[in-house]
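A, B, ... follow the sequence lines: proteins, then strands. Residue 1 opens every chain.
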Number of protein chains: 2
Amino acid sequence: MNTVKPNKTRGRPRAFDHEEALGKALNVFWTRGYEGASMAELTDALGINRPSLYAAFGNKEELFRKALAKYLAGPVSYAEATMHEPTARKAVEKFLRKSAELLTNPNNPRGCMIVQGALSCGQGSELIQRELITYRKNYEDRLKQRFELAQKQGDLPGDSNAADLAKYIATIHQGMSVQATSGASYEELIAVVNTVLDNLPENQNR
Amino acid sequence: MNTVKPNKTRGRPRAFDHEEALGKALNVFWTRGYEGASMAELTDALGINRPSLYAAFGNKEELFRKALAKYLAGPVSYAEATMHEPTARKAVEKFLRKSAELLTNPNNPRGCMIVQGALSCGQGSELIQRELITYRKNYEDRLKQRFELAQKQGDLPGDSNAADLAKYIATIHQGMSVQATSGASYEELIAVVNTVLDNLPENQNR
DNA sequence: TTAAATTTGTACTGAACGGTAAATAAATAT
DNA sequence: ATATTTATTTACCGTTCAGTACAAATTTAA
């Protein structure tokens with residue numbers, strides 16, 4: 001089945017590339033947060049006018065969700081990959097190092113959209129705020145799962161606490177996101193990561 | 001000189017308590033952030049009408065700065081105190097434990113206003129955003145100073161890096177703020193703090 | 001008792017907010 | 001050719017935003 005180019009559709013053809021526009025919207029939301037991004041700035045950045053944007057992506061909330069999905073599937077897709085490293089230590093190391101890289105990459109906005117997209121916000125944005133909290137809980141849970149696996153496989157002490165360790169690493173990541181937004185360099189974040197790694201339990205099988 | 005009660009001032013007397021109103025404004029900004037707090041919600045919370053608020057506190061930006069000053073002088077005043085603990089280890093311990101307490105205290109909003117007051121924001125809030133970044137840099141610098149003192153006094157290894165360690169602790173604090181806003185309990189934050197403390201250099205003089 | 005000073009309440013301002021109606025343009029299907 | 005479908009453009013909607021003009025109210029000073 002060729003589902004790639006269902007050309008010869010009826011009607012006036014769209015004058016902009018859907019994914020490219022979504023990428024530009026992602027950039028605005030990543031920089032400004034949900035609330036801080038105005039529809040005016042968004043339409044400006046996308047180079048299309050307002051009704052086209054609404055027709056293509058729904059409303060502001062839906063646009064944000066679609067941009068967030070693109071964020072997860074794109075820049076952040078490294079995260080799940082790092083969980084498949086052979087040991088918990090290596091998983092954490094890769095996760096934090098790659099995070100430091102993304103958070104300070106000059107080719108994209110600083111900080112993490114899941115952390116900062118709607119941390120504090122007005123009454124109208126509380127739904128998005130809750131959704132982002134859920135995303136944060138999700139990746140912390142993923143870390144916890146990874147640590148539980150490590151305990152079974154013996155590369156983490158059986159008496160270590162997977163949930164506590166996961167929250168510790170998630171806390172580090174979230175703090176690094178704040179640091180990146182505050183202007184911390186890649187090297188500075190790596191120094192933080194090294195401090196964390198120096199002190200992980202079961203240090204011997206480095 | 002009695003500057004406390006310069007009573008018998010001309011004009012209609014103010015119908016509300018200045019500090020009490022400022023405390024209510026602090027609560028709103030602490031919860032919503034600078035941008036998320038609307039003047040309507042603020043006047044509602046303070047129970048005074050708009051012109052009274054503007055006459056007493058200036059505009060939204062100035063009100064935020066005054067609320068922030070009250071925050072620093074009040075709920076956050078513990079921070080400087082912890083720096084005077086006899087060792088770096090004890091200073092960090094007190095700083096993080098007291099932070100966990102404040103960040104999850106049911107009597108005030110969750111999270112830290114310096115971290116979340118304007119992390120991501122729209123174009124109109126960038127001045128406040130930069131000011132908060134400066135406040136974050138300031139307390140990180142204060143940690144660095146404390147660690148340098150500890151190196152001189154011998155309770156931190158001379159070859160440890162005070163700047164890196166300060167950034168690590170600031171990162172932890174900022175991550176804990178995000179965690180608190182995401183719903184983490186006091187006990188969960190304390191578990192994070194314990195993980196950090198277990199791994200501080202120069203562990204012997206506990 | 002009147003004047004001066006200050007705060008209060010009401011009602012408003014222009015700008016920005018998210019969102020949309022309606023006409024026009026550009027494509028395919030018949 | 002004409003109808004149908006979809007996208008674009010312009011111009012607008014009502015609401016909320018931060019901020020204020022103005023007059024009434026309440027105090028002290030003269």
Indicate every side-chain donor-acceptor pair of residues 32-40 of chain A with a distance under 3.5 Å to a residue at least two apart or in another chain.
| residue | atom | partner | partner atom | Å |
| --- | --- | --- | --- | --- |
| A:Arg32 | NE | A:Glu41 | OE1 | 3.3 |
| A:Arg32 | NE | A:Glu41 | OE2 | 3.1 |
| A:Arg32 | NH1 | B:Cys121 | O | 3.4 |
| A:Arg32 | NH1 | B:Glu126 | OE2 | 2.8 |
| A:Arg32 | NH2 | B:Glu126 | OE2 | 3.4 |
| A:Glu35 | OE1 | A:Gly122 | N | 3.3 |
| A:Glu35 | OE2 | A:Gly122 | N | 2.6 |
| A:Glu35 | OE2 | A:Ser125 | OG | 3.0 |
| A:Ser38 | OG | A:Glu41 | N | 3.1 |

Close approaches to DNA chain C from residues 15-29 of chain B, in residue order (heavy atom, under 4.0 Å):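 Heavy-atom cutoff 4.0 Å gives B:Ala15, B:Phe16.
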
Test your reading of the model: is there a side-chain donor-acceptor pair from A:Trp30 to the backbone of A:Gly111, 3.5 Å cut-off? yes

So, B:Arg65 and B:Glu61, do they make that salt bridge, N to O below 4.0 Å?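 Salt bridge present between B:Arg65 and B:Glu61.
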
d(CZ, A:Arg12; P, C:dA26) in whole Å: 5 Å

Find the distance B:Met39:CE to D:dT15:C1' and express it as a whole number of Å. 18 Å

As a test of reading the structure: which of D:dT6, C:dC17, C:dT7 is closest to the side chain of B:Arg14, going by heavy atoms? C:dT7

Can you check nucleotides 28-30 of chain D for protein contacts, nitrogen or oxygen pairs under 3.5 Å, and list what you find?
| residue | atom | partner | partner atom | Å |
| --- | --- | --- | --- | --- |
| D:dT28 | O2 | B:Arg10 | NH1 | 3.3 |
| D:dA29 | O4' | B:Arg10 | NH1 | 3.1 |

Working to the nearest 0.5 Å, report the span between [atom1] of [X] and [atom2] of [Y].
| X | Y | atom1 | atom2 | result |
| --- | --- | --- | --- | --- |
| B:Leu102 | B:Cys112 | CG | SG | 7.5 Å |
| A:Glu131 | A:Phe64 | CD | CZ | 8.5 Å |
| B:Thr31 | B:Gln116 | OG1 | CD | 10.5 Å |

Which of residues 41-60 of chain A have a heavy atom under 4.0 Å from DNA chain D? A:Asn49, A:Pro51, A:Ser52

If you assign each of B:Pro13 and A:Pro13 to its closest nucleotide in DNA chain D, which residue comes earlier from the 5' end?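 That would be A:Pro13.
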
Residues that A:Gln151 engages under side-chain contact (heavy atoms from CB on, under 4.5 Å), provided they are two or more places apart: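 Testing A:Gln151 for side-chain contact (heavy atoms from CB on, under 4.5 Å), a comparison that skips the adjacent residues, returns A:Glu148, A:Leu156, A:Ser160, A:Ala162.
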
When A:Leu103 is tested against each of A:Thr181, A:Val115, A:Val178, A:Leu189 for side chain to side chain contact (heavy atoms under 4.5 Å, CB included), which residue passes?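 Of all the options given, the one that passes is A:Leu189.
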
In terms of ring plane angle, is the pair B:His173 and B:Tyr139 parallel, tilted or perpendicular, where the classes change at 30° and 60°? perpendicular

Using a 3.5 Å cut-off and no angle test, enumerate the donor-acceptor pairs between side-chain atoms of residues 10-22 of chain A and protein atoms at least two apart in sequence or in another chain.
| residue | atom | partner | partner atom | Å |
| --- | --- | --- | --- | --- |
| A:Asp17 | OD2 | A:Glu19 | N | 3.3 |
| A:Asp17 | OD2 | A:Glu20 | N | 2.8 |
| A:Glu19 | OE1 | A:Lys70 | NZ | 2.8 |

